[in-house]
Amino acid sequence: MKISNLSKLNGLNLFFVLFSLTSIGFVALVTPALLSLILLPILAIILKETKVANSFKKGFEVFPLFVFLALLALRVDLFILISALLVSSMSAKFVVSKEPSDYFEIFIVGLMLSLLSSIGTISFLFGINAILFLISSFFFLVETQFKEKLALGKTIPHKKDISIFITISFVLTLALFYSLPRFTLGVVHGNPITARATTNFSTDVSIDANPVSLDYTIVMRVEKEKGDTPLYISGLRYSTFLNGKWYKSEQKEKIYPDILGNFLDNSGKKATIYLEPNNTDLIFKVDYSTGLFGNFRYIYRDNLDNLYFDASFFKTIKYDTFFENSPSKTFLNHNDLLKFLDLRGINPEIVNLGKEITRGKTSPNDKINAILNYLRNNNEYSLTPTSKNIDDFILNHKSGYCEHFATAFVILSRTSNIPSRLVSGFVTTEWNNNLKYYIVRAKDAHTWAEVYINDTWVRVDPTPPSRVNTSKFSLFVDTIRMFWYRNFVTYGSESQTQLFEKFSQGFTNFGNTTFNFFKVLQRNNIYILLICILLIGIFIFKNMETKSVDYLARKIISLIGNDKNDNETILEFARRKSKESTLKEIIELYYEYRYAKKYELRSEIYQRIKKLSSQK
Amino acid sequence: MKQLFTRRKFPYSKISITKQGILYILILVIIGFASFNSGNNMIYLIFAISLSIFGASSYLAVKNLNGIDVKVNMPKEIYTKKDTFFMVAISSLDKTKKFLLDIELLGHKIHFDAVKEEEKKSIRLNFEKRGRYEIKNVKVSSSYPFGFFIRTKEKTINEKFYVFPEVGEIRIKNRASSGVNASKESNDGDFYSIDKYKDGSDARRISWKISAKLGDLHIINVALASEGNLVVVFNNSSMIYSSQNFEVAIKKIASLVYKFYHEGVKFEFISPKLDIECINYENYLKIMKCLAEVKLENIEPIKVEKGITDEDIEFV
């Protein structure tokens with residue numbers, strides 16, 4: 001289609017489609033199938049153009065109700081029901097709309113759709129769609145104000161005005177977004193209606209022959225400085241292994257934050273975790289964890305120091321974990337120690353094998369190394385294990401993955417009288433250098449062991465994670481996503497305080513710089529004084545030239561000619577030069593400005609002089 | 001120095017909020033409350049966008065009202081209680097498109113949806129009173145871009161015009177009518193002068209030959225034997241008129257002048273402020289302007305023998 005044809009298009013229809021598309025785009029981020037609702041606005045345009053609306057006005061008014069009842073009868077999802085109701089009312093309203101106030105109601109419905117989607121999505125596409133929504137709202141609202149049906153070419157504002165408006169709106173949006181007061185930490189649990197778990201983290205650790213596949217879905221992002229070793233993020237610790245399965249503790253106690261919102265001991269380094277919904281209430285922590293900071297009323301802790309959220313969440317949430325590079329001392333009493341030496345239900349052959357492996361070793365470290373060597377030398381790592389159970393893995397040397405290796409290690413350690421436990425979580429080495437954070441994917445789910453030596457729990461990983469390279473494109477997309485999460489989704493009162501502190505620091509620095517600058521000036525005051533006098537002189541001279549009333553008079557006289565007599569007025573001069581007809585108006589305006597002191601006319605007179613000068 | 005630091009007054013334009021604007025503000029309050037209450041940054045974002053649309057619209061609104069020139073063209077003859085059309089021309093001085101402009105002129109509004117360089121529209125007016133009128137300003141208002149606010153700005157135009165007295169169908173009583181028929185111009189008299197054809201001139205007197213030679217339409221005035229006999233006398237003395245009678249007298253005289261001029265009758269108009277022989281359009285306008293702004297005065301009335309006064313005229 002040629003550009004000249006485009007200018008003849010009906011702008012109202014075009015911008016209604018674009019506005020509807022961006023409005024529907026919001027809800028489609030939650031349920032992609034809703035994108036098909038765009039057919040309704042298109043149908044509305046066709047009906048409006050065919051003038052059917054005049055005959056069936058009442059019909060269109062009850063159309064949304066009909067849609068609502070029909071979908072209610074079909075028992076569709078509540079979110080889809082409300083979205084369809086809003087889009088149908090938007091379309092029906094467009095068919096019967098005539099006045100700007102009618103179209104304004106359509107805009108309000110579009111706003112409602114955007115609000116509706118906000119409970120179900122935090123995707124960065126929401127931000128992109130929001131920008132498109134802003135632009136389409138501008139064009140749609142402008143187009144609805146015209147009383148006559150004009151072609152697009154006539155109603156579209158000047159390109160420069162459009163770009164300035166959008167720039168101002170964009171800057172204003174960002175300024176408002178960051179400065180509007182926040183009363184929370186930007187953590188929203190989301191709504192179960194639109195619950196979409198990114199991935200499932202299984203808390204069920206069973207030793208069997210079920211294969212696992214590599215899932216590249218990102219489950220969390222961790223902001224911390226880059227380390228030389230893989231990053232271990234623990235989720236759940238287990239002590240009891242019975243009938244081929246690890247059991248987690250069911251005894252939980254509530255932990256409340258201190259006055260600053262900190263849970264437990266917040267000493268050590270900070271790592272910020274952006275955790276995707278994973279259908280568990282587990283709190284993942286960077287090892288060796290000491291404490292936690294987040295927007296939670298309370299958390300739960302079990303007797304293995306596993307932490308749980310106060311409620312389920314359905315959106316990405318952000319919290320800080322504090323950690324040390326080396327484990328801290330933990331004193332266990334005799335009963336506790338027995339829990340980590342539990343060998344109930346373990347095949348006696350395995351117990352004997354464990355003793356055999358560590359025979360002659362006296363120190364715990366030697367024993368651990370012996371067990372590790374044994375497993376690595378006798379068992380093969382495979383995502384499609386051949387081991388049907390732990391006996392099969394240890395005694396028959398069948399293949400297995402991390403869960404098999406870690407379980408075998410814990411059992412063999414316990415047979416050698418080393419208290420040990422199983423830990424499940426994630427381990428990653430994937431680093432995003434653009435925004436400096438670790439990426440943790442579902443495939444990074446891992447299981448390892450911890451042994452209790454010298455009053456500390458030390459991590460032992462019998463199966464180091466395999467490294468898989470990811471594409472640069474996926475890294476790029478995740479950079480955008482992380483930027484969005486960091487700066488928009490999880491922006492809260494804490495981030496706002498930090499931002500204001502940065503500003504305040506900036507002002508302080510500016511103040512200091514200015515103060516130093518003045519000190520320099522003070523030392524060279526004579527030169528500075530001379531420069532100032534010179535600049536002020538130039539400024540006054542320039543102003544007197546352009547701002548003085550005579551400036552306009554001189555400009556008008558120059559339009560008439562250059563032989564004005566001293567005893568004649570400007571009007572008389574114009575009359576003498578036969579230019580009264582063209583310049584009378586501007587001269588009269590000048591008189592109003594000069595003698596009636598209507599100084600607001602200055603810019604208008606100036607514009608007219610410019611216009612006449614250009615014609616000349 | 002005073003002028004050096006003079007700044008233009010603020011606010012430069014008046015702002016009023018529309019129903020749509022009030023509704024939008026209410027919706028903003030609700031969205032704002034939802035965002036503060038939920039802490040949901042997506043709602044915060046929508047709230048920020050909605051607010052910024054509101055705020056940034058001021059830029060377009062202010063720019064839309066800048067650089068506008070309004071001109072009003074009115075006809076030369078405007079009569080009381082008779083419809084007349086004023087032409088309103090609006091142009092963009094900065095050559096950018098201007099939208100949704102409402103021009104308020106003498107209590108009437110004219111709407112322009114879009115003005116690219118210049119747009120013209122006529123407005124029908126009807127004046128109740130004769131006199132000299134002056135339009136100092138016209139109000140230019142616009143609800144652009146979103147109809148949330150109406151901004152109004154005054155433009156100085158300083159246009160002056162006269163509304164002539166009401167004219168009606170009249171008849172001259174017998175006493176004076178004998179001379180009238182003799183004074184009617186005809187195409188049979190002696191050549192007197194050539195004038196350019198103007199609005200209101202008798203089309204029957206157009207000389208097509210002369211017009212063809214000179215390029216413009218011209219009329220021939222012919223001199224009659226009885227010329228100079230007809231005198232219309234108008235007094236504005238409070239000694240002979242009450243204020244009510246005075247308006248009736250003006251209406252009668254104006255109707256007579258109108259009738260004479262349009263029928264091509266030459267006459268002399270005598271009043272305390274104007275004594276003129278009506279031989280062309282300019283003279284006619286002068287007489288009508290005199291009648292438009294004349295007021296009762298405490299002066300001695302003029303007496304002219306055989307002069308036609310309002311007493312010699314009656315409405316049909």
Side-chain angles (χ1 to χ4, degrees), chain A residues 100-101 104 108 111 114-115 117-119 121-122 126-127 130 133-134 137-138 141-142 145-148 150 154-155 157-158 161 164-165 168-169 172-174 176-177 180-184 186 188 488-492 540 543-544 547-549 588-589 592 598-603 607-608 611, chain B residues 1 3-9 12 18-20 23-24 27 31-32 34-53 55-57 59-60 63-64 66-69 71 93-97 99-100 111 113-114 116 143-148 155-158:
Chain A
S101 55
F104 179 68
I108 299 300
L111 262 184
S114 70
L115 291 175
S117 75
S118 68
I119 62 164
T121 180
I122 50 165
F126 186 96
F133 179 74
L134 189 151
S137 299
F138 164 72
L141 279 174
V142 165
Q145 302 300 311
F146 296 101
K147 288 183 181 170
E148 291 167 32
L150 298 168
K154 283 194 175 178
T155 56
H158 197 266
D161 288 343
I164 291 177
F165 173 83
I168 293 174
S169 306
L172 214 56
T173 301
L174 288 181
L176 285 165
F177 179 81
L180 284 168
R182 299 300 206 280
F183 305 111
T184 65
V188 178
F488 288 88
V489 177
T490 60
Y491 180 78
I540 291 175
N543 259 322
M544 283 175 79
K547 299 260 173 177
S548 70
V549 283
E588 280 181 351
L589 273 178
E592 289 263 338
K598 290 187 175 175
Y599 296 123
E600 69 270 18
L601 293 174
R602 185 183 177 86
S603 64
Q607 270 181 336
R608 282 175 187 243
K611 194 180 176 186
Chain B
M1 286 299 274
Q3 269 133 17
L4 187 69
F5 296 108
T6 303
R7 291 285 176 266
R8 70 182 190 186
K9 288 171 196 167
Y12 194 46
T18 60
K19 274 184 189 172
Q20 210 162 295
L23 183 64
Y24 191 63
I27 287 160
I31 301 175
S35 55
F36 293 139
N37 188 47
S38 66
N40 186 336
N41 277 325
M42 301 302 105
I43 304 180
Y44 266 102
L45 189 64
I46 296 296
F47 183 48
I49 286 175
S50 314
L51 268 177
S52 70
I53 286 176
S57 67
Y59 162 75
L60 291 178
K63 199 163 181 297
N64 193 47
N66 281 345
I68 287 174
D69 189 26
K71 278 181 187 159
L93 292 173
D94 53 14
K95 291 185 177 174
T96 56
K97 276 186 253 178
F99 301 101
L100 306 169
H111 179 80
D113 257 343
K116 197 174 182 187
S143 60
Y144 184 75
F146 306 137
F148 297 149
K155 298 292 296 179
T156 310
I157 56 164
N158 285 329

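Per chain, numbering begins at 1; letters A, B, ... match sequence-line order.
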Item to complete: Using a 4.5 Å cut-off on heavy atoms from C-beta on, say whether the side chain of B/M42 contacts that of A/T121.
Response: no
Practice prompt. Find the one option among B/I157, B/I49, B/T156, B/L51 whose heavy-atom pairs under 4.5 Å with chain A are most numerous.
Written response: B/I49
Worksheet item: Is a side-chain donor or acceptor of B/N41 paired with a backbone partner of A/Y491 at a separation under 3.5 angstrom?
Response: yes
Practice prompt. Please step through side chain to side chain contact (heavy atoms under 4.5 Å, CB included) for the pair B/F99 and A/F146, ending with a clear verdict.
Written response: CA-CA 8 Å; B/F99 301 101; A/F146 296 101; 3.5 Å; yes
Item to complete: Taking the side chain as every heavy atom from C-beta outward, state whether A/F138 and B/I53 have any atom pair closer than 4.5 Å.
Response: no
Discussion item. Salt bridge or not between A/R608 and B/D69? Use side-chain N to carboxylate O under 4.0 Å.
Written reply: yes
Worksheet entry | B/K155 NZ: over 12 foreign heavy atoms closer than 6.0 Å | yes
Fill in: Donor-acceptor pair between A/T173 and B/S52 side chains, under 3.5 angstrom
yes
Fill in: Contact class of B/K63 relative to chain A, heavy atoms under 4.5 angstrom
side chain
Worksheet item: For the side chain of B/N40 and the backbone of A/S118, is there at least one donor-acceptor N/O pair under 3.5 Å apart?
Response: yes
Practice prompt. Determine, using ring centers only, whether A/F165 and B/F146 are less than 6.0 Å apart.
Written response: yes
Practice prompt. Compute whether any side-chain donor of one residue and acceptor of the other, for B/N158 and A/E588, lie under 3.5 angstrom apart.
Written response: no
Discussion item. Please determine whether ring-ring contact (aromatic ring centres under 6.0 Å, His included) holds for the pair A/F104 and B/F148, giving the CA-CA distance in whole Å, both sets of side-chain angles, and the decisive distance to 0.1 Å.
Written reply: CA-CA 10 Å; A/F104 179 68; B/F148 297 149; 5.7 Å; yes
Worksheet item: Is the shortest heavy-atom distance from the side chain of B/Q20 to the side chain of A/Q145 under 4.5 Å?
Response: yes
Item to complete: Please flag which part of A/I108 lies under 4.5 Å from any non-hydrogen atom of chain B: side chain, backbone, both or neither.
Response: side chain
Practice prompt. Identify which of B/K71, B/K19, B/K116 forms the greatest number of heavy-atom pairs closer than 4.5 Å to chain A.
Written response: B/K71
Worksheet item: Roughly how far, to the nearest 0.5 Å, is the OH atom of B/Y44 from the CZ atom of A/R182?
Response: 5.0 Å
Worksheet item: Looking at CG of A/L180 and CD1 of B/I43, how far apart are the two atoms once the value is rounded to the nearest 0.5 Å?
Response: 13.0 Å
Worksheet entry | chain A contacts, top residue of B/D94, B/I68, B/L93 (heavy-atom pairs, under 4.5 Å) | B/L93
Worksheet item: Counting heavy-atom pairs under 4.5 Å to chain A, which of B/T18, B/T96, B/L60 comes out on top?
Response: B/L60
